[in-house]
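One structure is given below, encoded as structure tokens.
Just so it is clear, the values below take in all heavy atoms, side chains as well, and ignore hydrogens, waters and symmetry mates.
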Amino acid sequence: MVNPGGSSQPPPVGTGSLSWKRCAGCGGKIADRFLLYTMDSYWHSRCLKCSCCQAQLGEIGTSCYTKSGMILCRNDYIRFTRAEDDR
């Protein structure tokens, strides 16, 4: 996942020990085969959702966007940006 304005790469994980990550969405341990990293946090793929349409962002692409503290899919980000431009 891409975090515009921030790092898109997770910090390195130490070797030699299993390091559990906690999901920023639900707070649970991430034991899934895949996890997402955006906004300086790790997420279960099912927990990273668009704040507007609730689409699971890991399933619809490799990018997510932020606006006014919300995590958005591309379509909702464009919609919010256009609404601000119309003001």
Side-chain angles (χ1 to χ4, degrees):
M1 303 307 286
V2 175
N3 181 16
S7 171
S8 63
Q9 298 298 317
V13 176
T15 59
S17 67
L18 182 60
S19 178
W20 293 100
K21 303 295 181 200
R22 294 235 173 238
C23 176
C26 71
K29 285 183 181 178
I30 302 175
D32 302 353
R33 183 174 176 192
F34 299 103
L35 57 98
L36 303 175
Y37 183 78
T38 192
M39 297 183 63
D40 298 324
S41 298
Y42 291 93
W43 302 76
H44 290 112
S45 57
R46 68 183 176 275
C47 292
L48 185 61
K49 298 178 183 179
C50 176
S51 298
C52 290
C53 69
Q54 300 302 306
Q56 290 184 348
L57 297 175
E59 293 182 359
I60 62 171
T62 58
S63 298
C64 65
Y65 303 84
T66 60
K67 190 78 167 175
S68 302
M70 297 183 296
I71 298 173
L72 302 167
C73 67
R74 183 177 185 275
N75 290 338
D76 285 324
Y77 178 80
I78 290 170
R79 187 170 55 87
F80 271 94
T81 303
R82 285 184 182 156
E84 286 182 350
D85 290 344
D86 290 342
R87 290 184 197 169

Minimum heavy-atom separation for [X] and [Y], please, with both atom names.
| X | Y | value |
| --- | --- | --- |
| Ile30 | Arg22 | CD1-C, 4.0 Å |
| Gly28 | His44 | O-CE1, 3.9 Å |
| Leu57 | Cys64 | CD1-CB, 3.7 Å |
| Trp43 | Cys23 | CA-SG, 3.9 Å |
| Leu72 | Cys50 | CA-SG, 3.8 Å |
| Phe80 | Cys52 | CE1-SG, 3.1 Å |

Give, for atom [atom1] of [X] and atom [atom2] of [Y], the distance between the pair rounded to the nearest 0.5 Å.
| X | Y | atom1 | atom2 | answer |
| --- | --- | --- | --- | --- |
| Ile71 | Met39 | CD1 | CE | 4.5 Å |
| Cys73 | Gln54 | SG | CD | 10.5 Å |
| Lys67 | Ser51 | NZ | OG | 13.5 Å |
| Tyr42 | Leu48 | OH | CG | 14.0 Å |

Membership question, hydrophobic clusters at under 4.5 Å side-chain separation (ILVMFWY): are Ile78 and Ile60 in the same one?
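No, because Ile60 and Ile78 fall into different hydrophobic clusters, even though each may have its own neighbours under 4.5 Å.
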
Could you go step by step and tell me if Asp76 and Met70 meet the side chain to side chain contact (heavy atoms under 4.5 Å, CB included) rule?
CA-CA 10 Å; Asp76 285 324; Met70 297 183 296; over 6 Å; no

